[in-house]
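What follows is a set of notes on a single structure, which appears directly below.
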Amino acid sequence: MSKIDQLFKEYTQERFIKLNKEQFVYIVNLFPALRVVMSDGIVDQDEWVTVKRLAKILGDEFASDDLGEEKEENLMLIYRAEFRHLVKNLDKWQDKFLAALKDYFNENEPAREFVVETMYLFASASDGVSEEENEVIEYLTKELGLEDIEL
(Lines give C-alpha, C1' and ligand atoms only; values in the text may rest on other atoms or scores of the structure.)
Protein backbone atom coordinates (compact mmCIF):
# COMPACT_ATOMS: atom_id res chain seq x y z
CA MET A 1 0.00 0.00 0.00
CA SER A 2 1.43 3.38 -0.99
CA LYS A 3 1.87 6.21 1.48
CA ILE A 4 -0.90 8.16 -0.24
CA ASP A 5 -3.25 5.16 0.16
CA GLN A 6 -2.33 4.86 3.85
CA LEU A 7 -2.89 8.58 4.41
CA PHE A 8 -6.18 8.50 2.47
CA LYS A 9 -7.46 5.67 4.65
CA GLU A 10 -6.31 7.22 7.94
CA TYR A 11 -7.49 10.74 7.14
CA THR A 12 -10.90 9.88 5.70
CA GLN A 13 -11.63 7.51 8.60
CA GLU A 14 -10.65 10.08 11.20
CA ARG A 15 -12.49 12.94 9.51
CA PHE A 16 -15.55 10.93 8.41
CA ILE A 17 -15.49 12.50 4.95
CA LYS A 18 -16.81 11.08 1.71
CA LEU A 19 -14.05 11.78 -0.77
CA ASN A 20 -12.71 9.37 -3.32
CA LYS A 21 -8.97 8.98 -3.64
CA GLU A 22 -8.70 11.36 -6.62
CA GLN A 23 -10.56 14.08 -4.71
CA PHE A 24 -8.36 13.51 -1.66
CA VAL A 25 -5.12 13.65 -3.66
CA TYR A 26 -5.89 17.31 -4.45
CA ILE A 27 -5.92 18.09 -0.74
CA VAL A 28 -2.52 16.43 -0.43
CA ASN A 29 -1.18 18.38 -3.44
CA LEU A 30 -2.42 21.64 -1.94
CA PHE A 31 -1.09 20.96 1.54
CA PRO A 32 2.23 22.76 0.90
CA ALA A 33 0.32 25.84 -0.28
CA LEU A 34 -1.77 25.76 2.90
CA ARG A 35 1.45 25.47 4.87
CA VAL A 36 2.75 28.60 3.11
CA VAL A 37 -0.46 30.46 3.96
CA MET A 38 0.15 29.65 7.62
CA SER A 39 3.83 30.67 7.56
CA ASP A 40 3.17 33.87 9.49
CA GLY A 41 0.81 32.14 11.91
CA ILE A 42 -2.40 33.68 10.55
CA VAL A 43 -4.50 33.35 7.43
CA ASP A 44 -5.39 36.86 6.34
CA GLN A 45 -8.53 37.80 4.40
CA ASP A 46 -6.87 37.79 0.96
CA GLU A 47 -5.29 34.40 1.59
CA TRP A 48 -8.59 32.92 2.78
CA VAL A 49 -10.34 34.26 -0.35
CA THR A 50 -7.76 32.38 -2.44
CA VAL A 51 -8.33 29.19 -0.41
CA LYS A 52 -12.12 29.48 -0.83
CA ARG A 53 -11.80 30.19 -4.56
CA LEU A 54 -9.66 27.10 -4.97
CA ALA A 55 -12.16 25.01 -2.99
CA LYS A 56 -14.90 26.17 -5.39
CA ILE A 57 -12.82 25.33 -8.48
CA LEU A 58 -12.06 21.87 -7.09
CA GLY A 59 -15.71 21.38 -6.14
CA ASP A 60 -16.83 22.21 -9.67
CA GLU A 61 -14.13 20.09 -11.25
CA PHE A 62 -14.20 16.92 -9.16
CA ALA A 63 -17.77 16.57 -7.92
CA SER A 64 -19.11 13.04 -8.26
CA ASP A 65 -22.70 11.82 -8.37
CA ASP A 66 -22.45 10.13 -4.97
CA LEU A 67 -22.36 13.58 -3.34
CA GLY A 68 -26.00 14.24 -4.23
CA GLU A 69 -27.88 16.82 -6.27
CA GLU A 70 -25.84 19.77 -5.06
CA LYS A 71 -22.63 17.81 -5.57
CA GLU A 72 -20.42 20.75 -6.65
CA GLU A 73 -21.52 22.80 -3.65
CA ASN A 74 -21.13 19.81 -1.32
CA LEU A 75 -17.60 19.06 -2.51
CA MET A 76 -16.63 22.73 -2.28
CA LEU A 77 -17.81 22.78 1.33
CA ILE A 78 -15.91 19.56 2.08
CA TYR A 79 -12.72 21.01 0.60
CA ARG A 80 -13.16 24.26 2.48
CA ALA A 81 -13.74 22.40 5.76
CA GLU A 82 -10.71 20.17 5.21
CA PHE A 83 -8.47 23.12 4.31
CA ARG A 84 -9.62 24.81 7.54
CA HIS A 85 -9.02 21.61 9.53
CA LEU A 86 -5.51 21.21 8.14
CA VAL A 87 -4.61 24.84 8.80
CA LYS A 88 -5.68 24.37 12.43
CA ASN A 89 -3.97 20.98 12.78
CA LEU A 90 -0.71 21.43 10.86
CA ASP A 91 1.39 19.80 13.57
CA LYS A 92 -0.63 16.60 13.49
CA TRP A 93 -0.71 16.15 9.71
CA GLN A 94 2.35 17.90 8.25
CA ASP A 95 4.85 15.01 8.37
CA LYS A 96 2.30 12.48 7.09
CA PHE A 97 1.18 14.71 4.21
CA LEU A 98 4.73 15.60 3.17
CA ALA A 99 5.86 11.96 3.26
CA ALA A 100 2.85 10.87 1.18
CA LEU A 101 3.38 13.72 -1.27
CA LYS A 102 7.07 12.96 -1.70
CA ASP A 103 6.19 9.32 -2.41
CA TYR A 104 3.38 10.39 -4.78
CA PHE A 105 5.83 12.40 -6.90
CA ASN A 106 7.61 9.17 -7.87
CA GLU A 107 4.52 8.17 -9.87
CA ASN A 108 3.23 11.64 -10.80
CA GLU A 109 5.91 13.92 -12.17
CA PRO A 110 3.44 16.68 -13.29
CA ALA A 111 2.24 17.10 -9.70
CA ARG A 112 5.67 18.46 -8.73
CA GLU A 113 5.24 21.63 -10.80
CA PHE A 114 1.63 22.05 -9.64
CA VAL A 115 2.76 22.01 -5.99
CA VAL A 116 5.44 24.66 -6.57
CA GLU A 117 3.03 26.87 -8.58
CA THR A 118 0.32 26.73 -5.91
CA MET A 119 2.79 27.56 -3.13
CA TYR A 120 3.74 30.77 -4.97
CA LEU A 121 0.12 31.50 -5.89
CA PHE A 122 -0.95 31.34 -2.25
CA ALA A 123 2.13 33.26 -1.08
CA SER A 124 1.37 36.13 -3.45
CA ALA A 125 -2.34 36.21 -2.53
CA SER A 126 -1.74 39.10 -0.17
CA ASP A 127 1.03 41.72 -0.37
CA GLY A 128 3.54 39.71 -2.39
CA VAL A 129 5.72 36.94 -0.99
CA SER A 130 6.76 37.72 2.58
CA GLU A 131 10.04 36.67 4.16
CA GLU A 132 8.24 34.03 6.27
CA GLU A 133 6.42 32.65 3.22
CA ASN A 134 9.65 32.51 1.26
CA GLU A 135 11.36 30.59 4.09
CA VAL A 136 8.53 28.04 4.19
CA ILE A 137 8.60 27.68 0.39
CA GLU A 138 12.36 27.07 0.51
CA TYR A 139 11.94 24.52 3.31
CA LEU A 140 9.12 22.66 1.53
CA THR A 141 10.89 22.78 -1.84
CA LYS A 142 13.95 21.15 -0.28
CA GLU A 143 11.92 18.72 1.87
CA LEU A 144 9.93 17.52 -1.16
CA GLY A 145 12.89 17.44 -3.54
CA LEU A 146 11.52 20.16 -5.83
CA GLU A 147 14.65 22.32 -6.17
CA ASP A 148 14.84 21.56 -9.91
CA ILE A 149 11.39 23.03 -10.66
CA GLU A 150 11.57 26.45 -12.33
CA LEU A 151 8.54 28.62 -12.94
Side-chain angles (χ1 to χ4, degrees), residues 1-64 66-67 73-126 129-147 149:
M1 182 184 283
S2 73
K3 288 184 181 180
I4 208 105
D5 289 330
Q6 291 169 345
L7 181 61
F8 173 66
K9 184 178 179 188
E10 178 185 351
Y11 189 87
T12 53
Q13 284 178 344
E14 181 170 317
R15 295 286 297 151
F16 303 105
I17 53 174
K18 290 185 178 181
L19 292 178
N20 64 38
K21 186 177 162 192
E22 179 188 19
Q23 293 163 334
F24 177 74
V25 164
Y26 273 89
I27 294 174
V28 178
N29 277 294
L30 289 167
F31 183 82
L34 291 172
R35 182 64 191 83
V36 169
V37 164
M38 282 303 298
S39 62
D40 60 0
I42 54 165
V43 180
D44 69 32
Q45 190 62 36
D46 293 334
E47 290 167 334
W48 192 244
V49 166
T50 303
V51 170
K52 289 194 307 191
R53 193 174 298 139
L54 194 58
K56 177 167 179 18
I57 291 167
L58 292 172
D60 292 345
E61 185 75 21
F62 296 103
S64 53
D66 61 349
L67 291 167
E73 178 81 9
N74 289 343
L75 186 56
M76 178 198 69
L77 293 172
I78 291 169
Y79 276 129
R80 195 182 293 178
E82 295 319 304
F83 293 156
R84 184 176 288 120
H85 172 76
L86 288 169
V87 161
K88 289 180 178 175
N89 296 279
L90 280 176
D91 292 345
K92 176 176 183 165
W93 293 106
Q94 178 167 304
D95 291 344
K96 293 175 184 183
F97 269 73
L98 294 181
L101 193 53
K102 199 171 186 179
D103 189 53
Y104 178 75
F105 289 153
N106 294 330
E107 309 284 320
N108 297 278
E109 181 71 24
R112 298 172 77 240
E113 191 171 319
F114 174 81
V115 167
V116 173
E117 285 176 0
T118 56
M119 283 194 292
Y120 280 101
L121 172 74
F122 277 49
S124 61
S126 51
V129 181
S130 72
E131 191 175 322
E132 294 97 340
E133 290 166 334
N134 201 44
E135 286 174 15
V136 171
I137 290 172
E138 284 180 15
Y139 163 76
L140 292 171
T141 300
K142 188 175 181 201
E143 187 71 22
L144 295 168
L146 301 172
E147 297 95 339
I149 301 293

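- Proximity of a side-chain donor or acceptor of R112 to a complementary backbone N or O of G145 within less than 3.5 Å is detected.
- The shortest heavy-atom contact between I78 and K18 is CD1-O, 4.2 Å.
- Atom-to-atom distance recorded for L7:CG and K21:NZ is 11.0 Å, nearest 0.5 angstrom.
- Scored by the salt bridge (Lys or Arg N to Asp or Glu O under 4.0 Å) test, K102 finds no partners at all (sequence neighbours excluded).
- Remark: side-chain polar atoms of N29 are paired, donor with acceptor, to backbone N or O of V25 under 3.5 angstrom.
- L75 has its side chain out of reach of L58: every pair of non-hydrogen atoms, C-beta onward, lies at least 4.5 Å apart.
- The minimum heavy-atom distance linking L86 with I27 is given by the pair CD1-CG2, 3.4 Å.
- The CD1 atom of I149 sits 10.0 Å away from atom CD of E147, with the distance rounded to the nearest 0.5 Å.
- When the shell of 6.0 Å around CG of D91 is examined, it contains 12 or fewer heavy atoms from other residues, nucleotides or ligands.
- Between atom CD of residue E135 and atom CG of residue L140 there is a gap of 12.0 Å, rounded to the nearest 0.5 Å.
- Taking CD of Q45 as the start and OG1 of T50 as the end, the distance is 10.0 Å to the nearest 0.5 Å.
- For the pair V115 and F31, the minimum side-chain heavy-atom distance is 4.5 Å or more.
- Counting only heavy atoms from C-beta outward, the side chains of Y104 and V28 never approach each other to under 4.5 Å.
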- Message: Apply side-chain contact (heavy atoms from CB on, under 4.5 Å) to residues W93 and E10 and explain how you reach the verdict.
- Response: CA-CA 11 Å; W93 293 106; E10 178 185 351; 3.9 Å; yes
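- Among all heavy-atom pairs drawn from T12 and F8, the shortest one is OG1-O, 2.6 Å.
- Taking CE of M76 as the reference point, atom CZ of R53 lies at 13.0 Å (rounded to 0.5 Å).
- Here the side chains of F83 and V37 are not in contact, with every heavy-atom distance at 4.5 Å or above.
- When the side-chain hydrogen bond (donor to acceptor under 3.5 Å, both in side chains) test is applied to E14, the partners found at least two apart in sequence or on another chain are K92.
- Without hydrogens or angle criteria, Q23 side chain to N20 main chain gives a donor-acceptor distance under 3.5 Å.
- Between F24 and Y11, the angle of the ring planes lies from 30° to 60°, which puts this pair in the tilted group.
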- Step-by-step side-chain contact (heavy atoms from CB on, under 4.5 Å) determination, F122 to L54: CA-CA 10 Å; F122 277 49; L54 194 58; 3.4 Å; yes
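- Contact annotation: the side chain of K52 never approaches that of K56 to less than 4.5 Å [non-hydrogen atoms, C-beta and beyond].
- Nearest heavy-atom pair, V36 versus A123, reported as atom, atom and distance to 0.1 Å: CG1-CB, 3.7 Å.
- The shortest distance between side-chain heavy atoms of R84 and W48 falls below 4.5 Å.
- The shortest non-hydrogen separation linking S39 to E133 is OG-CG, 3.1 Å.
- A heavy-atom distance below 4.5 Å is not found between the side chains of I4 and E107.
- From M119, atom CE reaches atom CG of L144 across 6.5 Å, with rounding to the nearest 0.5 Å.
- Closest approach of A55 and R80 over heavy atoms only: CB-N, 3.9 Å.
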- Derivation of the side-chain contact (heavy atoms from CB on, under 4.5 Å) call for Y79 and L30: CA-CA 11 Å; Y79 276 129; L30 289 167; over 6 Å; no
